[in-house]
Amino acid sequence: MTTSLASSRNGRLALRFSILGGLAVCVLLGALAGARAVGDEPAEKPKAIVLFDGKTLDGWKKTDFYGAKDVDVRVADGAIVLPLGKSMTGVTTTRTDLPKTNYELTYEAMRTEGVDFFGAATFPVGGSFLSFVNGGWGGHVTGLSSLDGADASENETTYSHAYNNKTWYRFRIRVTDQAVRCAIDDKEIIAVDVTNRHLSTRVQVRASQPLGFATWETAGAVRNIQIRPLTAAEVAAAKVVEP
């Protein structure tokens, strides 16, 4: 009798432990599956801020270049039209809430007349500024002005690109505390480490600060201007490792 009761008790205990063990395994597997599911989900990119609505110059002002009062900067066909100036034409943002680092600026620009830069973007890099020149020095030179006092035609970002008039080009600028990366039509052409560098713009485009677009003895147009914060992963990926 005693042996039978002991065997029965032991059997119930074994069953209880078996059930509890099974529940624990299920909970653990569920947790692991949930963790995998969360980890597998791609991090959403922050929503872009549309800087130009395609209809008005809200958020922009005509850049105060020499002779600008006589130039008819306007919106037409969904773009900001920058007519030929004396020697420069441009627009500068009036917004004060835009990021200064860890962001991506995208826009499209077109040269409609002339042979020089047609939508050079001046943008913040932390507490400093740079200009991404597109087609300067007679039409081909693309690069950043200025790094340690050297213009886009003189520093390591110098890139030759043939631009056709009346053709839209897509430009992308990514800025972090460590690097600036630039692309034309999704092809990256510049990746430069800007730490411990002196960053500046040429005196001619300082009126474009903090964010603006300019032409030089050329007519152009810009559209689809957006800016968005970078994700932590994008900031890490933007790092430039010098050889």
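All values below come from the heavy atoms of this structure, side chains included, with hydrogens, waters and symmetry mates left out.
- Under the 4.5 Å side-chain heavy-atom criterion for grouping Ile, Leu, Val, Met, Phe, Trp and Tyr, Phe52 is connected to Ile49 within one hydrophobic cluster.
- With hydrogens and angles ignored, the 3.5 Å screen pairs no side-chain donor or acceptor of Asn102 with any backbone N or O of Leu230.
- The number of heavy-atom neighbours closer than 6.0 Å to CG of Asn196, taken from other residues, nucleotides and ligands shown, is 12 or below.
- Taking CZ of Phe117 as the start and OG1 of Thr215 as the end, the distance is 7.0 Å to the nearest 0.5 Å.
- With hydrogens and angles ignored, the 3.5 Å screen pairs no side-chain donor or acceptor of Thr101 with any backbone N or O of Val125.
- In this model, a donor atom of one side chain and an acceptor atom of the other lie less than 3.5 Å apart for Glu217 and Ser87.
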For a side chain to side chain contact (heavy atoms under 4.5 Å, CB included) check, start with the C-alpha distance between His161 and Ile184, then their side-chain angles and the critical distance, and finish with the verdict.
CA-CA 9 Å; His161 189 86; Ile184 304 174; 4.1 Å; yes
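- What you find for Ala109 and Val222 is that their closest heavy atoms are CB-CG1, 3.9 Å.
- Of all non-hydrogen atoms in Arg223 and Gly78, the two that sit nearest each other are CB-O, 3.5 Å.
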Under the side-chain hydrogen bond (donor to acceptor under 3.5 Å, both in side chains) criterion, do Thr142 and Asn134 qualify, and how do the steps go?
CA-CA 5 Å; Thr142 296; Asn134 56 353; over 6 Å; no
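- Residues Tyr107 and Phe213 bring their aromatic ring centres within 6.0 Å.
- Counting only heavy atoms from C-beta outward, the side chains of Arg228 and Lys47 never approach each other to under 4.5 Å.
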Between Val75 and Leu57, does the side chain to side chain contact (heavy atoms under 4.5 Å, CB included) criterion hold? Intermediate values first, please.
CA-CA 7 Å; Val75 175; Leu57 285 173; 3.8 Å; yes
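- Glu108 contributes atom CD, which lies 8.5 Å from atom CG of Asp185 (distance to the nearest 0.5 angstrom).
- Arg74 places a side-chain N or O within donor-acceptor distance of the main-chain N or O of Asp72, the cut-off being under 3.5 Å.
- Proximity of a side-chain donor or acceptor of Glu188 to a complementary backbone N or O of Arg181 within less than 3.5 Å is not detected.
- Glu113 and Asn165 share no donor-acceptor pair across their side chains, judged by distance under 3.5 Å alone.
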Candidate pair Thr218 and Asp116, rule side-chain hydrogen bond (donor to acceptor under 3.5 Å, both in side chains), full reasoning
CA-CA 6 Å; Thr218 293; Asp116 218 278; 5.6 Å; no
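- Relative ring orientation between Tyr163 and Phe118 is described as perpendicular, the plane-to-plane angle rising above 60° on a 0-90° scale split at 30° and 60°.
- Rounded to the nearest 0.5 Å, atoms CG (Leu130) and OG (Ser146) are 8.0 Å apart.
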Criterion side chain to side chain contact (heavy atoms under 4.5 Å, CB included) on Leu98 and Leu51, from CA distance to verdict
CA-CA 10 Å; Leu98 301 180; Leu51 299 182; 3.8 Å; yes
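- None of Thr201, Thr122, Thr92 except one satisfies the side-chain hydrogen bond (donor to acceptor under 3.5 Å, both in side chains) rule with Gln209; the exception is Thr201.
- Around atom NZ of Lys62, more than 12 heavy atoms belonging to other residues, nucleotides or ligands sit under 6.0 Å away.
- Note that CZ of Arg202 and OG of Ser208 are 13.0 Å apart. Values are rounded to the nearest 0.5 Å.
- In this structure the side chain of Arg172 reaches within 4.5 angstrom of the side chain of Glu104, judged on heavy atoms.
- Hydrophobic clustering (ILVMFWY, side-chain heavy atoms < 4.5 Å, transitive): Val91 and Leu105 are in one cluster.
- Of all non-hydrogen atoms in Ala76 and Val81, the two that sit nearest each other are CB-CG2, 3.9 Å.
- Contact annotation: the side chain of Asp70 approaches that of Lys86 to within less than 4.5 Å [non-hydrogen atoms, C-beta and beyond].
- Taking 4.0 Å as the cut-off between side-chain N and carboxylate O, Asp97 and Arg95 count as a salt-bridged pair.
- Considering only heavy atoms from C-beta on, Ile227 comes within 4.5 Å of Pro99 through its side chain.
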Begin with the C-alpha distance, continue with both residues' side-chain angles, and end with the deciding distance and a verdict on side-chain hydrogen bond (donor to acceptor under 3.5 Å, both in side chains) for Ser153 and Asp151.
CA-CA 5 Å; Ser153 61; Asp151 291 332; 5.0 Å; no
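- Between Tyr169 and Asn164, some side-chain heavy-atom pair lies under the 4.5 Å cut-off.
- Judged purely by atom type and a 3.5 angstrom limit, Thr56 uses its side chain to pair as donor or acceptor with the backbone of Asp58.
- Thr195 and Asp193 are linked by a side-chain donor-acceptor pair at a separation below 3.5 angstrom, with hydrogens and angles left out of the test.
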Trace of the salt bridge (charged side-chain N to carboxylate O under 4.0 Å, His left out) decision for Lys55 with Asp53:
CA-CA 5 Å; Lys55 301 175 182 177; Asp53 62 14; over 6 Å; no
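- For the pair Leu147 and Glu156, the minimum side-chain heavy-atom distance is below 4.5 Å.
- Using a 4.5 Å cut-off on side-chain heavy atoms (C-beta onward), Thr106 and Phe171 make no contact.
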Please report the C-alpha distance between Thr158 and Trp137 in whole Å, then the side-chain angles of each, then the deciding distance to 0.1 Å, and finally whether the side chain to side chain contact (heavy atoms under 4.5 Å, CB included) criterion is met.
CA-CA 11 Å; Thr158 303; Trp137 289 269; over 6 Å; no
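- At a threshold of 4.5 Å between non-hydrogen side-chain atoms, the residues Leu144 and Leu199 do not count as touching.
- Hydrophobic clustering (ILVMFWY, side-chain heavy atoms < 4.5 Å, transitive): Leu82 and Val115 are in distinct clusters.
- Side-chain atoms of Asp64 never come within 3.5 Å of backbone atoms of Ala207 as a donor-acceptor pair (strictly under, hydrogens ignored).
- At least one donor-acceptor pair closer than 3.5 Å links the side chain of Thr176 to the backbone N or O of Gln178.
- Here the closest heavy-atom approach between residue Ala152 and residue Ser145 is recorded as N-OG, 2.8 Å.
- The distance between the ring centers of Phe123 and Phe129 does not fall below 6.0 angstrom.
- The same ILVMFWY cluster, assembled from side-chain heavy atoms under 4.5 Å apart, contains both Val194 and Leu211.
- In terms of heavy-atom proximity, Pro124 sits nearest to Val175 at O-CG1, 3.8 Å.
- Residues Trp216 and Val141 fall within the same hydrophobic cluster, defined by Ile, Leu, Val, Met, Phe, Trp and Tyr side chains chained together at heavy-atom separations under 4.5 Å.
- Closest approach of Gly85 and Val71 over heavy atoms only: CA-CG2, 4.1 Å.
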